[in-house]
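In what follows, a single structure is set out as structure tokens and then discussed.
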Amino acid sequence: MLGAVFTLIFVIGSILVTSLIYLALNPKSVNVEGEGADLRYIGYALVLIILSAATIGAMLLLGKAHNAIG
């Protein structure tokens, strides 16, 4: 049961991280010049960092809980 939770969290985190990378590096947004495109890229990068850290943190906490149980 707990293995399914690990897998689900990893899959959701991977999908979100991959979609944010695609949105940040989308050729349409990279080709647009101006401050709006730069701020959008910085925003996507910050959200990506936070989401990656949250996914890794959740995996570490669940691994710690799994080791405490078993």
Side-chain angles (χ1 to χ4, degrees):
M1 177 68 183
L2 201 54
V5 174
F6 288 140
T7 305
L8 183 65
I9 288 175
F10 182 75
V11 168
I12 290 172
S14 298
I15 289 171
L16 290 174
V17 167
T18 303
S19 63
L20 282 175
I21 288 173
Y22 173 76
L23 288 174
L25 298 177
N26 189 0
K28 291 179 184 177
S29 67
V30 173
N31 288 335
V32 176
E33 295 181 13
E35 285 184 28
D38 293 338
L39 291 176
R40 184 173 33 185
Y41 180 74
I42 292 170
Y44 283 142
L46 288 174
V47 170
L48 181 64
I49 291 168
I50 292 168
L51 183 62
S52 297
T55 302
I56 292 170
M59 291 296 289
L60 289 173
L61 288 175
L62 285 172
K64 191 177 206 181
H66 180 27
N67 286 336
I69 292 172

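- A search for side chain to side chain contact (heavy atoms under 4.5 Å, CB included) contacts involving Ile12 returns Leu8, Leu16, not counting sequence neighbours.
- Membership of the apolar cluster around Val11 extends to Ile15, as traced through chained side-chain contacts below 4.5 Å between ILVMFWY residues.
- To the nearest 0.5 Å, the span separating CD1 on Ile56 from CG on Leu51 amounts to 10.0 Å.
- Counting Ile, Leu, Val, Met, Phe, Trp and Tyr side chains that sit under 4.5 Å apart, directly or through other members, Ile49 stands alone, with no cluster partners.
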